[in-house]
Amino acid sequence: MFDNVFDELRYRGFIEQSTDEAVLRDLLTKQKVTSYIGFDPTADSLHVGSLVQIMALYHMQKYGHRPIALFGGGTAMIGDPSGKTELRQMLTRETIGANAESIKKQVGKYIDFSENGTAVAVDNADWLLGLSYIEFLRDIGRNFSVNRMLAAESYKMRMETGLNFIEFNYQILQAYDYLELYRRHKCVLQMGGNDQWGNIVAGIDLIRRMEGAEVYALTTPLVTTASGQKMGKTAQGAVWLDPQRYKPYDFYQYWVNVDDQDVIRFMKLFTIMTPEEIAPYESLEGADLRQAKQRLAFELTAFIHSREDAEEAQKAAEALFGEGGAKAGAPETTVTSEEIGDGMPITALFAKVGLAPSSSEARRMIRGGGLYFKDERVTDERYLVTVKDFSEGDILLRAGKKRYHLVKLQ
RNA sequence: GGGGAGAUUCCAGAGUGGCCAAAUGGGGCAGACUGUAAAUCUGUUGGCGAUGCCUUCGGAGGUUCGAAUCCUCCUCUCCCCA
């Protein structure tokens with residue numbers, strides 16, 4: 001165990017940049033510090049890309065500090081241009097509000113916002129939506145130098161493609177958020193992804209000017225996979241934390257399939273395993289790393305979803321990929337004999353259970369030799385599945401090497 | 001306010017009357033090789049009970065036997081001048 005969060009965060013690889021490291025570390029060692037991280041309610045669920053931020057808050061709370069999760073119901077009306085190439089799609093206020101609620105609930109699973117919990121959840125819509133433009137310009141706006149903002153790297157890219165005035169204000173609003181949280185909650189540390197550095201520092205400057213106080217910044221690395229991909233992007237889209245959107249089994253599989261080079265790094269960043277628990281895995285190499293991947297997947301699934309989900313996913317994976325090849329645990333779909341009728345095209349069946357996005361795609365996969373019916377490669381793309389095929393029980397379908405689906409007849 | 005350029009399939013980006021479901025690259029998916037990894041090579045990449053049919057090239061109309069390509073209007077974006 002570490003005697004302060006800073007050291008633990010550093011060990012786990014959370015720290016990309018920070019303002020005066022020595023001072024910040026000292027502060028986090030000796031006092032209970034209030035810090036915040038913002039989440040954009042642009043969807044009704046967070047995905048693994050936000051996991052780093054959630055874990056950062058989690059560790060803060062673990063050490064008795066007071067983390068604030070800020071849901072950007074106000075700033076989401078605008079959209080952060082940092083690192084993006086174009087204007088974000090505008091969402092309605094209703095959608096944003098609903099998203100914020102939903103995400104708040106989600107984060108609440110990992111961070112304790114309850115009455116006696118130390119953490120706080122806030123929504124910047126509370127103070128941003130009612131702002132008076134003129135007053136805001138007089139009080140806040142005058143503290144920002146356009147010259148300096150334009151010089152910032154995050155805006156430079158957009159200077160090429162065009163930057164809308166509305167987005168240009170994002171940084172100012174985020175800086176104002178920091179000021180508000182400093183005033184309301186004595187929040188003296190803002191964390192966020194490294195792309196937020198400029199925005200955070202803008203807040204620090206604003207607080208120094210307006211309150212004469214010294215506050216801090218700490219950014220986490222923008223986690224990408226070893227192959228350079230953004231975290232959590234798969235063929236099916238983002239890896240959502242919402243079990244409705246992304247099944248715990250698939251979530252587990254996502255982590256089992258991470259690149260060799262990423263396993264240990266991800267263990268440190270995303271799980272609550274202790275350094276002692278992680279250490280043995282660090283020396284593994286080659287195929288043995290699979291053990292580390294399985295542990296990573298288990299720990300994460302248990303933390304994000306539940307222990308039961310993790311055990312189920314693990315069992316299912318063992319059944320499918322281990323020796324024997326039992327079919328327990330694969331996702332299931334039930335079809336009725338009416339649906340099958342005189343015979344259902346095999347392509348339609350694969351499309352129905354979701355192993356192929358469409359019948360046409362199923363047909364292509366068959367031509368490429370990628371679909372399996374009862375463990376046998378499908379060769380006839382016009383094969384009609386009939387009730388007789390179920391005479392020996394459920395049918396196991398497979399697409400590629402790892403995607404299984406069980407079809408039951410009712 | 002004036003002038004110019006542009007909006008193409010998941011992304012980038014060709015195509016400027018039939019040969020276009022639309023080049024090429026990226027990404028995705030699948031096959032081979034493996035360790036449920038990476039890298040590499042190969043195939044594939046709108047939908048459909050399918051040698052054909054249907055929907056797609058910002059939106060709405062129009063010209064034509066035939067339009068992503070031509071015309072009109074609209075929406076949005078970018079650039080230059082003021």
Side-chain angles (χ1 to χ4, degrees), chain A residues 81 84-90 157-167 224-239 249-267 281 284-298 301 313-326 329-330 339-352 354-373 376-386 397-404:
Chain A
K84 300 206 170 54
T85 49
E86 48 192 53
L87 182 67
R88 175 186 288 170
Q89 189 192 353
M90 289 280 185
M157 179 167 45
R158 291 299 297 277
M159 293 302 286
E160 310 277 327
T161 58
L163 176 66
N164 195 291
F165 180 69
I166 188 177
E167 296 176 276
T224 52
T225 60
S227 48
Q229 289 282 301
K230 246 189 166 172
M231 279 298 296
K233 284 189 71 182
T234 70
Q236 291 83 37
V239 179
Y249 170 76
D250 292 322
F251 184 83
Y252 178 91
Q253 283 300 322
Y254 176 78
W255 297 103
V256 167
N257 282 303
V258 298
D259 196 292
D260 283 7
Q261 299 172 58
D262 291 329
V263 197
I264 300 303
R265 190 162 58 103
F266 288 176
M267 264 189 181
Y281 293 101
L284 295 180
E285 279 178 24
D288 290 338
L289 274 168
R290 268 208 336 270
Q291 297 166 34
K293 292 179 186 180
Q294 282 160 5
R295 180 72 188 270
L296 170 73
F298 185 87
T301 309
Q314 188 181 42
K315 237 182 276 167
E318 269 167 20
L320 293 171
F321 298 104
E323 298 302 310
E339 279 178 288
I340 292 177
D342 296 335
M344 185 185 206
I346 194 161
T347 48
L349 182 62
F350 272 96
K352 179 179 166 58
L355 286 179
S358 68
S359 304
S360 296
E361 182 61 23
R363 188 165 295 109
R364 273 181 224 113
M365 288 166 88
I366 289 172
R367 285 176 193 165
L371 293 188
Y372 301 80
F373 183 79
E376 276 178 47
R377 179 171 283 175
V378 180
T379 49
D380 178 9
E381 62 185 66
R382 289 167 174 247
Y383 182 77
L384 291 178
V385 179
T386 61
L397 300 180
R398 193 174 115 214
K401 283 172 202 150
K402 352 180 171 165
R403 292 158 54 225
Y404 291 86

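Throughout, protein chains are lettered first and strands after them, A, B, ... in sequence-line order, and every chain is numbered starting at 1.
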[atom1] spacing across the pair [N] / [M], given as an integer number of angstrom:
N	M	atom1	result
B:G27	B:C33	C1'	22 Å
B:C65	B:C73	C1'	26 Å
B:G15	B:C48	P	32 Å
B:G46	B:A23	P	9 Å
B:G58	B:G6	P	13 Å
B:C29	B:A39	P	12 Å
B:U72	B:C78	C1'	24 Å
B:C80	B:G18	C1'	38 Å

Pairing check on [N]: which nucleotide meets the Watson-Crick or G-U wobble criteria with it, both distances under 3.5 Å?
N	value
B:C41	B:G31
B:A12	B:U24
B:G58	B:C74
B:G66	none

[X] side-chain proximity, nearest of [options]:
X	options	value
A:L384	B:G49, B:G31, B:A37	B:G49
A:M365	B:U36, B:A37, B:A30	B:A30
A:S359	B:C48, B:A32, B:U36	B:C48
A:R364	B:A38, B:U36, B:G47	B:G47

Drop me the distance from [X]'s [atom1] to [Y]'s [atom2], to the nearest 0.5 angstrom.
X	Y	atom1	atom2	answer
A:F350	A:I366	CZ	CD1	6.5 Å
A:D250	A:T301	CG	OG1	10.5 Å
A:W255	A:K293	CH2	NZ	13.0 Å
A:L384	A:L349	CG	CG	11.5 Å
A:L355	A:L397	CG	CG	6.0 Å

Note to self: With hydrogens left out and only the distance checked, is there a donor-acceptor pair under 3.5 Å joining A:Q253's side chain and the base of B:U36?
What the structure shows: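 Looking at the base of B:U36, it does pair with a donor or acceptor on the side chain of A:Q253 (distance under 3.5 Å).
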
Is there a donor and acceptor pair, one atom on the side chain of A:D260 and one on the base of B:G35, closer than 3.5 Å?
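Donor-acceptor pair under 3.5 Å: yes.
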
task: Would you classify A:R398 as touching base, sugar-phosphate or nothing, given that sugar-phosphate means primed atoms plus P, OP1 and OP2, and contacts are heavy atoms under 4.0 Å?
output: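 Nothing, no heavy atom under 4.0 Å.
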
Practice task
Give A:V263 one of three labels, base, sugar-phosphate or nothing, depending on what nucleic acid heavy atoms sit under 4.0 Å from its own.
Solution key: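 The answer is nothing, as A:V263 stays clear of every strand by at least 4.0 Å.
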
**Message:** Both A:M344 and A:G368 contact RNA chain B. Which one's nearest nucleotide lies toward the 5' end?
**Reply:**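 Checking each residue's closest nucleotide, the 5'-ward one belongs to A:G368.
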
request  = Would you mind telling me which residue lines up with the more 5' stretch of RNA chain B, A:S358 or A:G286, judged by nearest nucleotide?
outcome  =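 Mapping each residue to its closest nucleotide by heavy atoms, the 5'-most match is A:G286.
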
Within this structure, what is the [atom1]-to-[atom2] distance between [X] and [N], rounded to whole angstrom?
X	N	atom1	atom2	value
A:Y254	B:A37	OH	P	15 Å
A:E361	B:A30	CD	P	9 Å
A:K401	B:C29	NZ	P	12 Å
A:I366	B:G49	CD1	C1'	13 Å
A:Q294	B:G35	CD	P	14 Å
A:D288	B:G35	CG	C1'	10 Å
A:L296	B:A37	CG	P	15 Å
A:D380	B:G49	CG	P	15 Å

OP1, OP2 of [N] versus side-chain N and O of [X]: anything below 4.0 Å?
X	N	value
A:R367	B:U44	no
A:R403	B:C29	no
A:K402	B:U34	no
A:Y372	B:G31	yes

Restricting to side-chain hydrogen bond (donor to acceptor under 3.5 Å, both in side chains), what partner residues turn up for A:K401, sequence neighbours left out?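 With sequence neighbours excluded, A:K401 shows a side-chain hydrogen bond (donor to acceptor under 3.5 Å, both in side chains) to no residue whatsoever.
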
Self-check item: Heavy-atom side-chain proximity of A:Q294 to A:Y252 below 4.5 angstrom
Solution: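 Yes; the side chains approach each other to less than 4.5 Å.
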
I'd like to know if A:E361 and A:R364 make a salt bridge, using a cut-off of under 4.0 Å between side-chain N and carboxylate O.
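Yes.
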
